[in-house]
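First up is the structure itself, then whatever we jot down about it.
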Amino acid sequence: MSALRTAVVTGGGRGLGRAYSMLLAAAGHAVVVNDLGDGPAADVVAEIRAAGGTAVASDHDVTDFAATAGLIELAEERFGGLDVVVANAGILRDRTLASMTEAEWDDVIAVHLKGTFTVAHHAAARWRARAKAGEAVDGRLITTTSASGLYGNIGQSNYAAAKAGIAAFTLVASQELRPYGVTANCVAPSALTRLTEAPLRRFEGEITDRRREELDPHWVARVVAWLCGPDTRDVTGHVFDIRGRQVGIASGWHLQPTFTQPDDPDELGRALRAAIAAAPPAADMEGRRT
Ligand SMILES: NC(=O)c1ccc[n+]([C@@H]2O[C@H](COP(=O)([O-])OP(=O)(O)OC[C@H]3O[C@@H](n4cnc5c(N)ncnc54)[C@H](O)[C@@H]3O)[C@@H](O)[C@H]2O)c1
C-alpha cells in the first residue's frame, strides 16, 4: 500500500479529470478524486476500485482556500503522502467583452486561476516542509491552460485571461519548486467532454465515432501520466498542447531585437512600425499544421 504514490486530481469527476484519475490509478497512484457535489467524484472512485485501484472522493471546492487545505490533508491522511497534484477543475461562462457580467468574470477567474493557486499553494507548502526536513521529495504539479489562453479566442476574455495566467503561474512554480524536488508543467488539452461537446456540434455537426475516438480524453491523460511518472524529474516548466494524438510544445513570449528610442517622435513611430513588421505574431498555431 505504502508503495503507491498519491495523486490529487481536481475536477476529477468528469471529462479530462476522470481520464487522469483512472490512468493515474492504473499506473500505481492512490487517487483523491475531487469534484463538486456527491455524484461525479464518487462514481469515478467506484470505477477505480472496481478496476482494483485505490481512490477516495473529495467534494472540496477549489475556489475555497481553507477547503483546499483540507483536500491536501485528506490525501496525506488517507494515503500517507502527496506526490502529484493535477489542477484541472474548470467551468466556462462565455460572453463577449462588451456583454460580460461581473459574475461571469469572477466565477471563471475563481475556479481556474484561484483554484489553481489554492491547491498548488497548499501542496507547495507541504513539499517545502518535507524537503527542508531532509525528505526526498519527487513531486509533480500539473496545471491546465487552454488554446484560448495561449492563442486567443473570441468570447472568452475571462477564460483566456485565467488560462494565460495559469501558464505564466506554472513557469514561476517550476522555478520555485525545483529546489524541493518538484516539477511543474502545464497542459493545453483538446478533448471531447461536456465542456466542448456543444461547440464541436456547432462547428462540425453530428460527432462521429471516429471523431469521438480522436478526441478521447485518454490521449491527454497519457501525456499527463508520463509527466507524473518516474522518468520525468528533469521535465519542468513546459506547456504541452495536446489535441487528441497530436502533441506539441507551446513556446511563449520571446523578446525580439530591441532598439534605442530616437529623439524625434516621428522617427520613434517609424521605428516602432518597423519593429512590429519584423516581429512574428504574438501568438499563432502555425506549427500545429502537421
Ligand atoms: N475539453 C477540452 O477540450 C478543453 C480544452 C481546453 C482546456 N480544457 C480545460 O480542461 C479542464 C477540464 O475540462 P473538461 O473538458 O474535462 O470539463 P468537464 O466539465 O468535463 O470537467 C470539469 C470538472 O471540474 C469540476 N469543477 C468545476 N468547478 C469546480 C470547483 N469549484 N471545485 C471542484 N471541481 C470543480 C466540474 O464539476 C467538472 O466535473 C478545465 O480546466 C478546462 O478549462 C479543456
Side-chain angles (χ1 to χ4, degrees), residues 9-12 14-21 23-24 62 84-94 108-109 111-117 119-120 140-174 183-200 203 211 214-229 232 235-254 280-290:
V9 180
T10 72
R14 296 188 185 87
L16 286 156
R18 174 184 168 278
Y20 303 157
S21 298
L23 199 53
L24 287 173
V62 297
V84 170
V85 171
V86 186
N88 160 80
I91 58 167
L92 287 178
R93 299 285 184 271
D94 290 359
V108 165
I109 298 294
V111 174
H112 291 278
L113 193 53
K114 184 176 176 187
T116 297
F117 162 70
V119 286
R140 302 283 187 278
L141 172 65
I142 311 287
T143 61
T144 311
T145 185
S146 157
S148 180
L150 300 177
Y151 318 116
N153 191 24
I154 286 174
Q156 295 195 315
S157 60
N158 51 359
Y159 183 68
K163 289 307 204 184
I166 290 170
F169 171 95
T170 311
L171 301 186
V172 176
S174 146
T183 69
N185 291 285
C186 189
V187 294
S190 289
L192 188 59
T193 67
R194 70 171 186 165
L195 220 58
T196 49
E197 177 130 14
L200 200 71
F203 285 123
R211 205 72 185 109
E214 281 172 356
L215 288 175
D216 192 292
H218 175 72
W219 297 115
V220 184
R222 294 178 78 206
V223 177
V224 168
W226 180 77
L227 285 169
C228 297
T232 53
V235 179
T236 192
H238 300 289
V239 179
F240 296 83
D241 183 321
I242 312 153
R243 174 171 291 231
R245 273 193 177 215
Q246 291 304 119
V247 185
I249 306 299
S251 72
W253 297 97
H254 297 284
D284 67 65
M285 289 188 279
E286 288 306 306
R288 198 176 231 181
R289 297 195 183 136
T290 50

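If you read the sequence from its start, that first residue is 1, and numbering goes on from there.
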- T170 versus T143, side-chain donor and acceptor atoms under 3.5 Å: yes
Just by distance, do the side chain of [X] and the backbone of [Y] share a donor-acceptor pair under 3.5 Å?
X    : Y    : value
D241 : G248 : no
T193 : L16  : no
N185 : F240 : no

- Query: Under a 4.0 Å N-O cut-off, is there an ion pair linking R194 with E197?
  - Reply: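 The answer is no: the pair does not qualify as a salt bridge.
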[atom1] of [X] to [atom2] of [Y]: how many Å apart, nearest 0.5 Å?
X    : Y    : atom1 : atom2 : answer
W226 : L23  : CH2   : CG    : 14.5 Å
L195 : R14  : CG    : CZ    : 10.5 Å
D94  : S148 : CG    : OG    : 8.0 Å
H218 : R245 : NE2   : CZ    : 8.5 Å

Work out which heavy atom in [X] is nearest to a heavy atom in [Y]; give both atom names and the distance.
X    : Y    : value
A162 : L113 : O-CD1, 3.8 Å
A184 : T236 : N-OG1, 2.9 Å
C186 : A167 : SG-CA, 4.1 Å
A188 : A147 : CB-N, 4.3 Å
A283 : Y151 : CB-CA, 3.8 Å
A164 : T145 : N-OG1, 4.3 Å

- Message: More than 12 heavy atoms of other residues, nucleotides or ligands under 6.0 Å from CD1 of I154: yes or no?
- Response: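 Atom CD1 in I154 is not crowded, with 12 or fewer foreign heavy atoms closer than 6.0 Å.
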- Message: So for atom CZ, which belongs to R211, do other residues, nucleotides or ligands contribute more than 12 heavy atoms lying within a distance under 6.0 Å?
- Response: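 Enclosed.
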With a 4.5 Å heavy-atom cut-off, do [X] and [Y] have their side chains touching?
X    : Y    : value
L200 : L215 : yes
T183 : L227 : no
Y20  : V84  : no
M285 : L150 : no
R140 : T232 : yes

- Does the side chain to side chain contact (heavy atoms under 4.5 Å, CB included) test come out yes or no for T144 and K163, once each step is laid out? CA-CA 7 Å; T144 311; K163 289 307 204 184; 3.9 Å; yes
